[in-house]
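A short worksheet on the structure shown next.
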Amino acid sequence: MHLLRDLNPGQQEAVTRVTGPVLVLAGAGSGKTRVLAHRIAYLLSAADARPHEILAVTFTNKAAGEMADRVRALVGSVASGIWMGTFHSICARILRIEGRRLGISPDFTIYDDRDQLLLIKQILSDLGLTKSRITPAAVLSRISWAKADLLSPEELAARGGSPYDKRLVDIYVEYENALRANNALDFDDLICMPVRLFKHHGDALRRFADRFKYILIDEYQDTNRAQYELVRLLSSSHRGVCAVGDDDQSIYRWRGADVTNLLNFERDFPEAAVVRLEQCYRSTKTILAASQAIIQRNIKRKDKNLWTGNPVGRKIMLSAVRDEQAEGEFVADMVSRLIGEEGKRLSDFVVLYRTNAQSRPMEDAFRRKAVPYVIVGGIKFYERKEIKDLIAYLRVLVNPRDSVSLSRIINVPHRGIGDVTFNRLRAFCNDRKISLSEGLTRVAEIEGLNSASRGKLVAFGDLLRGLREAMAGKSVEEIIKLVAERSGYMAYLQTLDRVESIARTENIGELVAGGYEFQDRSEEPTLEKFLEEVSLVMDIDLWDDRRDAVSLMTLHNAKGLEFPVVFIAGAEEGLIPHHTSFEDRAEMEEERRLFYVGMTRAKERLFISTAAGRRGFKGWMPQIVSRFVEDIPEEYLEILTLSDERYAPEEERNEPQPDWGEEKVVRIGTLVRHEEWGTGRVVGCEGYGKQLRLTVKFGGGRVKRLLARYANLEFPEDM
DNA sequence: TACATTGCGATCCGT
DNA sequence: TCGCAATGTA
């Protein structure tokens with residue numbers, strides 16, 4: 001049949017094995033997205049599956065959309081009715097249907113980490129812990145880990161421990177109470193609440209477990225304990241799980257993901273069929289071989305045997321540059337050059353980096369060189385202040401119990417309600433265990449307020465009530481406009497300086513447009529759904545891959561994507577591997593996987609750049625080449641010489657810049673000693689500082705080109 | 001009591 | 001570079 005025509009035997013098995021659990025171990029570029037789409041199409045057309053019996057979990061919302069398109073292209077509109085989305089969006093959907101059983105009303109608010117942090121700060125201050133060494137961020141991270149591991153405060157307490165841990169449990173308890181009182185869920189709740197629901201309400205579990213005969217999960221290596229438990233429960237009736245993943249691409253351990261979910265699949269589902277996809281359709285032989293050489297140095301991994309029928313292709317280009325500015329210029333120049341010489345298009349390129357902070361100098365260079373680019377991530381649209389403010393209004397209108405959003409807007413724009421007045425209101429509400437919104441209807445009872453403050457609170461309460469009445473029957477777009485006007489926010493923006501005012505007004509216009517677009521596209525265009533979507537969008541979801549521009553993103557965001565030409569910027573110790581991973585073997589292995597993920601995004605060409613130093617917040621910092629670069633076998637590597645006049649002015653070519661203090665200046669003729677090759681004489685020298693590339697003639701006439709880390713070479717005095 | 005300013009500290013990856 | 005907390009001023 002046509003669905004199987006273009007698939008290799010392994011892929012065919014992964015598609016057609018429709019009874020019982022299946023584990024697909026899919027190497028980078030082995031066509032797993034294709035397999036998933038074809039499997040769904042096969043289920044619908046050949047296995048008599050009904051759309052509503054299928055649940056497909058993808059890693060991003062964007063991937064879900066693309067999957068739906070592919071399935072539709074294969075089998076037509078039968079595809080609608082399939083539940084497809086991220087764990088978080090699917091769980092939100094489950095909770096809106098069945099959450100009431102856990103006391104979660106369907107108009108719940110989803111708190112992001114900023115909201116969580118505000119809540120925890122309030123709790124710390126209520127518990128009188130503001131002066132302790134307990135920081136809100138540390139608390140949040142510990143609570144989040146506990147939740148991802150499905151540990152309740154009681155269970156966490158049972159693990160016992162230090163006085164700090166006991167305090168932590170107290171805060172955790174209060175935090176959970178506050179979330180419930182606010183009718184709010186954090187990201188972890190979205191997953192653990194359905195698990196709790198299914199564990200305590202057998203009929204709710206049966207409703208979903210009976211329904212979903214076929215469950216497909218992409219990127220299974222990056223699921224956490226709670227997600228694993230959810231899959232186990234949902235598959236308890238039919239055991240029709242198809243998990244797809246690659247342990248070498250597990251890069252979210254730091255967020256609680258646990259690769260043993262993948263490694264133990266066969267233990268959890270003993271009857272599972274295991275399919276290995278080892279043919280790589282994406283990369284050249286060179287890129288594949290180099291990436292394998294790097295990932296094979298990890299100890300905790302399943303061995304695999306990836307191969308490709310693709311051509312050998314060009315070598316991987318390594319370029320050593322002076323600093324982040326030169327790096328940006330190098331990349332922008334190389335893009336122009338490849339467009340001119342090889343007919344590449346802008347959208348063929350991606351620049352990958354470890355940290356978002358690296359995007360700035362890169363952007364600057366692209367702007368200077370007039371190379372169009374799109375940036376993924378960084379400051380999210382929905383995190384801009386004016387957007388968060390307006391969203392907070394909308395949240396309070398939908399969910400009056402949301403105290404975090406209410407505290408955000410009670411004095412924005414300024415209405416003369418300061419800390420003192422607000423804290424009186426808060427104390428009043430805490431005493432009576434009522435929400436801030438309810439407190440606003442009982443201002444007369446609050447003690448110790450002067451009449452002016454009282455009047456301001458009443459006015460704010462009236463504003464909310466007025467908005468709630470006025471929004472009835474209106475569209476999302478109209479509601480946003482209404483709120484922006486009546487809250488005084490638009491007027492407030494006019495008071496800012498010109499540039500600021502225009503930019504922010506434009507952003508609000510964009511939010512209104514977003515509301516309109518949502519209205520147009522959504523099957524269920526309610527304000528609740530809009531807010532959910534806004535809370536769950538990911539940076540990568542907003543990326544327009546058809547735009548004619550170079551893409552800039554973090555290595556994490558590049559997961560699942562591919563590009564003809566990939567640049568990995570900042571291949572330096574401290575960046576990748578990131579300095580926070582130096583002390584921990586497991587974290588270091590994750591950094592290596594991250595680098596591996598970056599390399600394997602490339603189809604044809606891979607460029608890696610490494611700077612001699614960077615300007616951080618504390619001035620100039622010399623950098624050292626990443627160990628991962630040094631692990632690439634020389635045969636796959638070509639060192640792009642900076643003697644190319646485009647990248648280094650004449651006077652900088654042979655004379656390393658002694659910019660970095662007491663570092664050695666190496667000149668032609670300098671004697672060096674290497675522990676393996678003995679003493680030699682420098683005959684050539686390019687690059688800068690620690691990025692210096694030396695051509696050294698050793699005793700016995702052996703000539704070596706070294707990407708010299710000074711650490712590897714000794715410089716005997718006065719020789 | 002509300003709001004502006006200054007200064008300091010942190011600063012990876014992100015649902 | 002940025003957000004936020006402590007401090008100063010109306």
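Every chain is numbered from 1 and lettered A, B, ... according to where its sequence line falls, protein lines coming before strand lines.
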field: Any pair counted as salt bridge (Lys or Arg N to Asp or Glu O under 4.0 Å), so long as it reaches residues 82-91 of chain A, sequence neighbours left out
entry: none
- prompt: Which residues satisfy the side-chain hydrogen bond (donor to acceptor under 3.5 Å, both in side chains) test with A:Ser522, sequence neighbours excluded?
  reply: none
- request: Could you check A:Asn356 against A:Val420 and say which one's nearest nucleotide on DNA chain B is further toward the 5' end?
  value: A:Val420
message: Once salt bridge (charged side-chain N to carboxylate O under 4.0 Å, His left out) is applied, do any residues pair with A:Glu562, and if so which ones, sequence neighbours excluded?
response: A:Arg282, A:Lys603
message: Can you see if the side chain of A:Asn61 gets near the phosphate of B:dT15 - specifically, an N or O under 4.0 Å from OP1 or OP2?
response: no
- request: Could you check which of B:dC13, C:dC4, B:dT1 has an atom nearest any side-chain atom of A:Thr554?
  value: B:dC13
- prompt: How many Å lie between CG on A:Leu594 and C1' on B:dC12, as a whole number?
  reply: 10 Å
task: Considering just the side-chain nitrogens and oxygens of A:Asn557, establish if one lies under 4.0 Å of OP1 or OP2 belonging to B:dC13.
output: no
statement: For A:Arg424, the salt bridge (charged side-chain N to carboxylate O under 4.0 Å, His left out) test, sequence neighbours excluded, returns none
- request: Starting from C1' on B:dC13, measure out to CZ on A:Arg593 and report it in whole angstrom.
  value: 13 Å
query: If you check every side-chain atom of A:Phe187, which of B:dG14, B:dT15, B:dA2 has the closest atom?
result: B:dT15
message: A:Trp543: which residues meet the side-chain hydrogen bond (donor to acceptor under 3.5 Å, both in side chains) condition with it, sequence neighbours left out?
response: A:Ser551
message: From the set C:dC2, C:dG3, B:dG14, return the single nucleotide nearest to any side-chain atom of A:Arg360.
response: C:dC2
- prompt: Just how far, in rounded Å, is P of B:dC12 from CG of A:Asp113?
  reply: 12 Å
task: May I ask you to verify if any side-chain N or O of A:Lys121 is less than 4.0 angstrom from the OP1 or OP2 atom of C:dA5?
output: yes
- prompt: Would one find more than 12 heavy atoms of other residues, nucleotides or ligands at under 6.0 Å from atom CG of A:Asn430?
  reply: yes
- line: Here the distance between atom P of C:dG3 and atom CD of A:Glu383, to the nearest Å, is 11 Å
statement: For A:Pro413, the side-chain contact (heavy atoms from CB on, under 4.5 Å) test, sequence neighbours excluded, returns A:Tyr393, A:Arg415, A:Tyr489, A:Tyr492
Partners meeting side-chain contact (heavy atoms from CB on, under 4.5 Å) with A:Arg384 (sequence neighbours left out): A:Phe381, A:Glu386, A:Ile387, A:Asn507
query: Is there ring stacking between A:Phe87 and B:dT15, where the centres must be under 5.5 angstrom apart and the planes under 30 degrees?
result: no
task: Could I get the full list of side-chain hydrogen bond (donor to acceptor under 3.5 Å, both in side chains) partners for A:Arg368, not counting sequence neighbours?
output: A:Glu329
field: Rounded distance (Å) that lies between atom P of B:dG14 and atom CZ of A:Arg354
entry: 9 Å
- request: Just jot down the side-chain hydrogen bond (donor to acceptor under 3.5 Å, both in side chains) partners of A:Tyr228, sequence neighbours excluded, or say none.
  value: A:Asp268
When you compare the protein's N or O atoms with those of nucleotides 3-10 of chain B, which come within less than 3.5 Å of each other, and at what distance?
residue : atom : partner  : partner atom : Å
B:dC3   : OP2  : A:Asn411 : ND2          : 2.9

Neighbours of DNA chain B within residues 578-591 of chain A, by heavy-atom distance under 4.0 Å: A:His578, A:Thr580
- prompt: Taking the inter-plane angle between the rings of A:Phe582 and A:His579 on a 0 to 90° scale, is it parallel (under 30°), tilted (30 to 60°) or perpendicular (over 60°)?
  reply: perpendicular
- request: Rounded off to whole Å, could you give me the CG-to-P distance for the A:Asp539 and B:dC13 pair?
  value: 11 Å
- request: Grab the CD-C1' distance between A:Gln116 and B:dT15 for me, whole Å please.
  value: 10 Å
Nucleotide of C:dG3, B:dC13, B:dT15 approaching A:Arg255 most closely (side-chain heavy atoms): B:dT15
- prompt: Within the structure, does a side-chain N or O atom of A:Thr421 lie under 4.0 Å from either OP1 or OP2 of B:dA2?
  reply: yes
field: Distance in angstrom units between A:Lys385 NZ and C:dC4 P, rounded
entry: 10 Å
task: Could you check which of B:dT1, B:dT15, B:dC13 has an atom nearest any side-chain atom of A:Arg424?
output: B:dT1
- request: Report yes or no: is the cationic atom of A:Lys559 (NZ for Lys, CZ for Arg) under 6.0 Å from the centre of the six-membered ring of A:Phe59, at an angle within 45° of the ring normal?
  value: yes
With the criterion being N/O to N/O and under 3.5 Å, what pairs connect the protein with nucleotides 8-10 of chain C, and how long is each?
none

field: Sole residue of A:Lys300, A:Arg297, A:Arg592, A:Arg301 in salt bridge (charged side-chain N to carboxylate O under 4.0 Å, His left out) with A:Asp248
entry: A:Arg301
